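Computation of the quantities below employed the complete heavy-atom set of this structure, encompassing side-chain atoms and omitting hydrogens, waters and symmetry-equivalent molecules. In this text, all values refer to a predicted model and were calculated from it rather than measured experimentally.
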Amino acid sequence: MLNSRLERELLLAYVLDVSRTFLYAASERTISLQQEAQFMQLIARRQQGEPMAYLMGVKEFWSLPLQISKAVLIPRPETELLVELALALIPEKNSSVRVLDLGTGSGAIALALAAERKNWEIMAVDQSEAALQIAVQNAKKLAITNVSFHKSDWFAELPAIGHSKSQAFTIIISNPPYIELNDPHLTQTDIQYEPKEALISGPDGLEDIRQIIAVAPEYLAPKGWLMLEHGFTQSESVKHLMKMQGLVEIQAFTDLSGLPRVVIGRMP
């Protein structure tokens, strides 16, 4: 539902293509019938619970304005923890870093890392053509050139690394689907508007995480890191899965709300 005067102002500024500050400076300005109709339509959609990011087509992540559509998950502040941890793991002076962002969606994680580390080589993949189109447009708009985008269902369409460890990745990072199939939040909150394939991962929410952890060691360089966001009840399961695959230095991290949010592990 529409939550505040702020949201009304943001929607009106969006319709008029002006800043919120301009609304106050030009409070006597009249709007056209077409603009009024568009504004009222957006108000009605918001009152039905549709997220602001989809109404306005943009969401900020890591201070980057990202184009958003219903083809992609809305980037969330909690996911910035992945970016913070990845940047902390590898010194900026290191010029031989290769990163794989699995399930890139809008490109949020890949583009945030690329903006901070222009010498990193980042590959971002997604199984959705529509999502990749959004991610590519975001890269172009932000003039970020050190990310390449590829269609792949996790690792399925990526070339095998084999013994060519020069092509292996220093970091594999992902915010995969991790919501349980019958989670009631899927119909009770804003996420009902988001793409289900980016949210749901089997009866226990761990199907995609299991698949990623099982295959990731084949693509990681020695001493390389696997970094996964997960649901707040899944930390112990993710740590166990990484341990079973031989990863070491497994660590869990909490988000700003104090909830378990990310697990990382390193190849021996």
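The list of salt bridge (charged side-chain N to carboxylate O under 4.0 Å, His left out) pairs with a residue in residues 257-268, not counting sequence neighbours, reads Glu249-Arg266, Asp255-Arg261. Applying the salt bridge (charged side-chain N to carboxylate O under 4.0 Å, His left out) test to every pair with at least one member in residues 125-134, sequence neighbours left out, gives no pairs at all. For residues 32-44, every residue pair satisfying the side chain to side chain donor-acceptor pair (under 3.5 Å) rule, not counting sequence neighbours, is listed here: Ser32-Gln35. Among pairs with a residue in residues 67-77, those fulfilling salt bridge (charged side-chain N to carboxylate O under 4.0 Å, His left out) read Glu50-Lys70, Arg76-Glu194, at least two apart in sequence or across chains. Identified under the salt bridge (charged side-chain N to carboxylate O under 4.0 Å, His left out) test for residues 138-156, with sequence neighbours left out: none.
By the 4.5 Å heavy-atom criterion applied to side chains, His230 and Ser235 are counted as neighbours. The side-chain heavy atoms of Trp225 and Ile172, taken from C-beta on, include no pair separated by under 4.5 Å. No side-chain heavy atom of Ile134 sits under 4.5 Å from any side-chain heavy atom of Ile68. Proximity of Trp62 to Leu113: side-chain heavy atoms (C-beta onward) are nowhere separated by under 4.5 Å. Between Ile213 and Leu241 the shortest side-chain heavy-atom distance falls below 4.5 Å. In this structure the side chain of Ile171 reaches within 4.5 angstrom of the side chain of Val99, judged on heavy atoms. At a threshold of 4.5 Å between non-hydrogen side-chain atoms, the residues Ser201 and Ile209 do not count as touching. At a threshold of 4.5 Å between non-hydrogen side-chain atoms, the residues Tyr14 and Glu9 do not count as touching.
Partners of Glu121 by side chain to side chain donor-acceptor pair (under 3.5 Å), not counting sequence neighbours, listed by chain and number: Arg98. Scored by the side chain to side chain donor-acceptor pair (under 3.5 Å) test, Glu207 finds no partners at all (sequence neighbours excluded). Phe155 pairs by the ring-ring contact (aromatic ring centres under 6.0 Å, His included) definition with Tyr219, not counting sequence neighbours. Ser148 is linked by a side chain to side chain contact (heavy atoms under 4.5 Å, CB included) to Met123, His150, counting only residues two or more places apart in sequence or in another chain. With sequence neighbours left out, the side chain to side chain donor-acceptor pair (under 3.5 Å) criterion links Ser106 to no other residue.
Pairing each heavy atom of Pro177 with each of Glu197, the nearest pair is CG-O, 3.3 Å. Minimum interatomic distance between Ala124 and Leu132 (heavy atoms only, all atoms of both residues): O-CD2, 4.5 Å. Counting all heavy atoms, side chain and backbone alike, Leu111 lies closest to Ile144 at O-CD1, 3.6 Å. Of all heavy-atom pairs between Val147 and Ala110, the closest is CG2-O, 3.9 Å. In terms of heavy-atom proximity, Ile250 sits nearest to Leu247 at CD1-O, 3.6 Å. In this structure, Asn119 and Asn146 approach most closely via the heavy-atom pair N-ND2, 4.5 Å.
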**Request:** Any chance you could lay out the side chain to side chain donor-acceptor pair (under 3.5 Å) test for Gln234 and Tyr178, step after step, and finish with the verdict?
**Result:** CA-CA 9 Å; Gln234 298 170 334; Tyr178 53 73; over 6 Å; no
**Message:** Set out, in order, the CA-CA distance, both residues' side-chain angles and the distance that settles side-chain contact (heavy atoms from CB on, under 4.5 Å) for Leu142 and Leu66, then state yes or no.
**Reply:** CA-CA 9 Å; Leu142 296 167; Leu66 299 178; 3.9 Å; yes
**Request:** Show your reasoning for whether side-chain contact (heavy atoms from CB on, under 4.5 Å) applies to Ile74 and Tyr54.
**Result:** CA-CA 8 Å; Ile74 298 171; Tyr54 288 151; 3.7 Å; yes
**Message:** Walk me through whether Leu226 and Leu220 qualify under side-chain contact (heavy atoms from CB on, under 4.5 Å).
**Reply:** CA-CA 8 Å; Leu226 175 61; Leu220 278 168; 4.1 Å; yes
**Request:** Decide yes or no on side-chain contact (heavy atoms from CB on, under 4.5 Å) for Val125 and Asp101, but give the supporting numbers first.
**Result:** CA-CA 6 Å; Val125 305; Asp101 174 25; over 6 Å; no
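Through chains of ILVMFWY side-chain contacts below 4.5 Å, Leu259 is grouped with Phe232. Cluster partners of Leu33: none. The rule joins Ile, Leu, Val, Met, Phe, Trp and Tyr whenever side-chain heavy atoms lie under 4.5 Å apart, and it links nothing here.
Once rounded to the nearest 0.5 Å, the distance linking CG of Asp204 with CD1 of Ile179 reads 13.0 Å. The line from CG of Leu11 to CE of Met40 is 11.0 Å long, rounded to the nearest 0.5 Å. Taking CD of Gln67 as the reference point, atom CD of Gln133 lies at 10.0 Å (rounded to 0.5 Å). Atom CE of Met56 sits about 5.0 Å away from atom CG of Leu10, to the nearest 0.5 Å. How far OG of Ser174 is from CG of Leu100: 8.5 Å, rounded to the nearest 0.5 Å. Taking CE from Met227 and CE from Met242, the interatomic distance works out to 9.0 Å, rounded to the nearest 0.5 Å.
Grouping the Ile, Leu, Val, Met, Phe, Trp and Tyr side chains by contacts below 4.5 angstrom, directly or via other members, places Met244 apart from Leu228. In the hydrophobic clustering of ILVMFWY residues, with side-chain heavy atoms under 4.5 Å counting as a link, Leu6 and Met52 come out together.
Looking at Thr170, its side chain never comes within 3.5 Å of a backbone N or O of Val97 through a donor-acceptor pair.
Asp208 and Trp154 share a donor-acceptor pair across their side chains, judged by distance under 3.5 Å alone.
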